[in-house]
Each structure stands twice: as C-alpha cells, then as structure tokens.
Amino acid sequence: MTLSLTAAQSYRQPWPGLIEAYRQYLPVSDKTPVVTLHEGNTPLIPVPALAERIGRQVRVFVKYDGLNPTGSFKDRGMTMAISKAKEDGAKAVICASTGNTSAAAAAYARRGRMRAFVLIPDGYVALGKLAQALLYGAEVLAIKGNFDRALEIVRQMAENYPVTLVNSVNPYRLEGQKTGAFEVVDALGNAPDWLCIPVGNAGNITAYWMGFCQYHQDGKCDRLPRMMGFQAAGAAPLVGGQPVTHPETIATAIRIGNPASWEKAVAAQTASKGNFHAVTDTEILDAYRILASEEGIFCEPASAASVAGLLQVKDQVPTGATVVCVLTGNGLKDPDTAIKHSQSQVKQGIEPEIPAVAQAMGF
Ligand SMILES: *Cc1c(COP(=O)(O)O)cnc(C)c1O
C-alpha cells in the first residue's frame with residue numbers, strides 16, 4: 001500500500017510552536033521543559049484598503065497576532081517565560097496586567113502545572129481578558145490603582161516571595177516576542193521598510209527590534225526597518241519624554257504611564273531612525289472600524305493604534321515602501337468597546353415573516 005498525502009496535509013507542515021521553530025535563536029537547551037500551546041506562525045495579511053488610503057504603490061500588511069492561542073502576542077513571550085520558570089523549578093508565577101498578560105500567564109502557567117497570580121487595575125480590564133484569566137484558573141487580584149502601581153508591587157513580591165515575575169521585565173519574555181520579527185522576515189523574504197507597533201510598556205517594540213537585528217546579523221534580511229511606535233495620546237510618556245501619572249485611553253492594553261522598557265525602546269527608535277507618535281482615541285477607533293469593516297480584521301483598540309498611527313503619518317511613507325503594522329490582540333477580547341463604538345446597530349423587533357424581513361432589508 002502506498003501512502004499518499006492529501007493536498008492539505010502535504011501543504012501544511014505541523015507547526016510545533018515557536019520555541020521548536022526558532023530553537024537556534026532562543027536561550028533554551030535540551031533540559032528546558034517546553035510549555036507550549038503551539039503559539040506563533042500567525043498570518044501576515046495584506047490590507048489593500050489601507051494601502052489605497054496611502055497610495056504611491058505602498059504595500060501594507062498586518063501581522064495578526066490576535067490569532068495566538070490566548071488571543072494576543074503575549075503568548076510568544078509567555079511560552080518562553082513559563083518554560084524557563086519551570087526549568088528553574090518555579091511553583092508559581094506573578095504578573096501585573098492590563099489583561100492580556102494575565103490571560104497568557106494563566107494559560108501557560110496552568111499548562112505547566114504552576115499557580116498564576118495576576119494583579120489588575122480594578123475596572124480597566126476588558127471583559128474577554130478577565131473571563132480568560134478566571135477560567136484558566138489564575139488567582140486574580142484587582143487593585144485600586146493603575147497598571148504602573150501593579151507592576152511596582154509585583155516586582156517587589158517576586159523579590160520577597162517564592163513567585164517568578166513574568167512581566168516583560170523578565171528577559172525571556174522579550175526573547176520569545178522577538179520571533180514576531182522573524183516571522184515577518186520569513187514571510188516577506190526581507191525586513192519591511194517600516195514596522196508600526198502600539199507601545200504600552202514598550203517590551204514588544206524592544207523585542208521586535210532585537211529580532212530584526214538578530215536576523216540581520218544572521219543574513220536573513222539585508223536591511224532593518226524604521227521602528228514606528230504609537231502611543232495613545234492620554235498615555236504617551238515616550239512622546240512627551242516624561243512619565244504620565246494618570247494615563248487614560250480607551251485602549252486599555254496600552255494605558256501605561258511609565259513603561260518598564262523605556263530606555264530600550266528609545267534605543268530601538270534611535271538606532272532605526274524611527275519615531276514615537278501619539279494617536280487620539282478618536283483616531284484609534286477610526287482605524288479599529290476601518291480594519292473591521294473594510295478589511296475584515298477584528299483587532300482590539302490598542303492594536304488599532306498601529307494602523308491609526310500609520311494613517312496619521314501616511315504622507316511620510318516613502319513611495320513603494322513595504323509597511324507592516326502589528327495587530328497585537330484579538331477584537332473578541334473587548335466586546336464592550338466593539339458594541340459601543342460600532343456604526344451598525346441591531347434592528348430589533350422584526351416579525352418572523354418574509355415580508356417583514358424583506359422590508360427591514362430595504363427590499
Ligand atoms: C501588551 C499589549 C500591548 C503593548 O505592548 P508592550 O509590550 O507593553 O508595549 C499592545 N497591545 C496589546 C493588545 C497588548 O496586549
């Protein structure tokens with residue numbers, strides 16, 4: 001009997017997760033127990049309606065990291081942080097979170113048979129993220145304070161108690177997250193001209209830059225992108241050059257006033273001749289709706305900051321350039337914002353009869 005593969009089977013290599021896929025670039029050994037949900041390998045999707053808004057033969061793609069197992073790029077860092085914590089014999093991990101870190105930490109920690117403690121700013125975590133952390137079995141502590149305060153607390157907790165810190169100040173988080181840049185280069189065959197990315201605690205922009213530089217040194221790309229970081233106007237310390245005491249934005253995932261990776265992000269911006277810009281909540285919501293209604297891509301508000309930023313500075317994009325916007329999280333995370341800010345509404349109270357439905361459809 002001969003074995004024959006179906007088209008789908010031969011086309012789709014089973015994806016092993018990013019630690020196996022990029023093992024040679026990551027600080028893991030044969031002794032590292034890999035805790036994975038087969039994260040990574042997310043699609044790089046062309047967005048022609050956005051490209052048309054810019055014109056001048058600019059090519060635009062989104063790196064849709066909302067398709068990771070827990071719905072955000074945080075999984076890339078968490079598979080590394082949790083695997084290394086397990087290798088070190090940790091029994092519990094802790095993080096401060098605007099929501100996505102807690103979902104990822106909870107999922108990977110539980111999979112690795114560890115306890116997960118998460119500190120969140122009370123009232124500022126999107127519904128989907130809270131639902132995830134609870135169902136995964138995290139121990140969720142809501143503090144009467146913002147993310148920046150929560151991070152200060154968990155840093156001290158990790159110093160004084162037997163819990164491993166898995167915020168992006170844990171260097172393994174950035175190691176995992178840099179694989180986003182690898183995947184972009186693997187898909188395009190080179191680095192893009194611009195990389196547009198939302199910036200909150202500034203770990204991801206730092207990680208992407210690490211990834212591009214490492215691939216460049218390894219000869220996988222012959223250029224480096226300009227790193228374009230976008231912050232919400234009410235939470236834009238890197239734009240203003242000083243911490244923001246009371247950060248405010250609808251994009252709760254980037255509602256951060258004192259980024260932990262401040263210096264590293266500035267170093268990436270400087271070395272890449274990139275820039276930081278602030279985008280207003282109105283610009284964020286416009287980009288959020290455009291992505292969904294014109295491209296069919298549902299991301300969360302913080303993610304749309306990368307596209308809002310690109311549209312804000314579109315006249316600066318060189319003719320014929322290739323631009324990648326990172327969409328950091330899935331739109332399903334935050335159904336409240338989607339419903340509240342959608343331009344469409346449910347037409348209610350329609351009789352269950354053909355004429356009534358046809359009339360409601362405008363026929
Ligand atoms: C964490 C997060 C960010 C910000 O990333 P940083 O590494 O903190 O700059 C942006 N968008 C989403 C959806 C996030 O979860």
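Every number for a ligand or one of its atoms is a count from 1 in the order of the listing. Remember, predicted model here, so these are calculated numbers, not experimental data.
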Inset, instruction - State if A202 counts as touching ligand 1 under the rule of any non-hydrogen atom under 4.0 Å. - result: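 A heavy atom of A202 does come that close to ligand 1.
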
Inset, instruction - Name the orientation class of the two ring planes belonging to Y25 and F182 (parallel below 30°, tilted from 30 to 60°, perpendicular beyond 60°). - result: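 Taking F182 first and then Y25, their aromatic rings sit tilted (interplane angle of 30° to 60°).
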
Can you pull out the closest protein heavy atom to [atom]? Residue, atom name and distance to 0.1 Å, please.
atom: atom 7 (O) of ligand 1; answer: N204 N, 2.8 Å
atom: atom 12 (C) of ligand 1; answer: T328 OG1, 3.2 Å
atom: atom 8 (O) of ligand 1; answer: N201 N, 2.8 Å
atom: atom 1 (C) of ligand 1; answer: K74 NZ, 1.4 Å

Out of all atoms in ligand 1, which are within 4.0 Å of some heavy atom of [X]? Include the element for each.
X: G203; value: 6 (P), 7 (O), 9 (O)
X: V199; value: 9 (O)
X: F73; value: 1 (C), 2 (C), 3 (C), 5 (O), 7 (O), 14 (C)
X: A253; value: 12 (C), 13 (C), 14 (C), 15 (O)
X: A302; value: 11 (N)

Inset, instruction - Kindly say whether the aromatic ring centers of Y136 and Y108 come within a distance under 6.0 Å. - result: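 No, they do not, as the ring centres are separated by 6.0 Å or more.
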
Inset, instruction - Flag the pair F276 / F230 as yes when their ring centroid distance falls below 6.0 Å, and as no otherwise. - result: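 Between F230 and F276, which both carry aromatic rings, the centre distance is not below 6.0 Å.
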
Inset, instruction - Flag yes if more than 12 heavy atoms outside L135 fall under 6.0 Å of its CG atom; otherwise flag no. - result: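 Not more than 12 within 6.0 Å, no.
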
Pick one of side chain, backbone, both or neither for how [X] approaches ligand 1, counting any non-hydrogen atom pair under 4.0 Å.
X: N100; result: side chain
X: E300; result: side chain
X: Q177; result: neither
X: I254; result: side chain

Ligand 1 to [X] polar contact by distance, N or O atoms, under 3.5 Å:
X: G200; result: yes
X: S303; result: no
X: I256; result: no

Legend entry - Note: E183-R76 ion pair, threshold 4.0 Å (strictly below):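 Judged by the 4.0 Å cut-off on N to carboxylate O distance, E183 and R76 do form a salt bridge.
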
Inset, instruction - Taking the side chain as every heavy atom from C-beta outward, state whether L310 and M228 have any pair of such atoms under 4.5 Å apart. - result: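 Heavy-atom side-chain distance check fails, nothing below 4.5 Å.
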
Legend entry - Side-chain heavy atoms of W209 within contact of L224, under 4.5 Å: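 Yes, close enough: below the 4.5 Å cut-off.
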
Legend entry - side chain to side chain contact (heavy atoms under 4.5 Å, CB included) between N146 and I256, intermediate numbers included: CA-CA 8 Å; N146 62 25; I256 293 173; over 6 Å; no

Legend entry - Steps toward side chain to side chain donor-acceptor pair (under 3.5 Å) verdict (T328, D65): CA-CA 5 Å; T328 44; D65 250 1; over 6 Å; no

Legend entry - Verdict with supporting geometry, N100 and Q132, side chain to side chain donor-acceptor pair (under 3.5 Å): CA-CA 9 Å; N100 283 330; Q132 289 179 288; over 6 Å; no

Legend entry - side chain to side chain donor-acceptor pair (under 3.5 Å) between S272 and Q269, worked out: CA-CA 5 Å; S272 74; Q269 176 247 323; over 6 Å; no

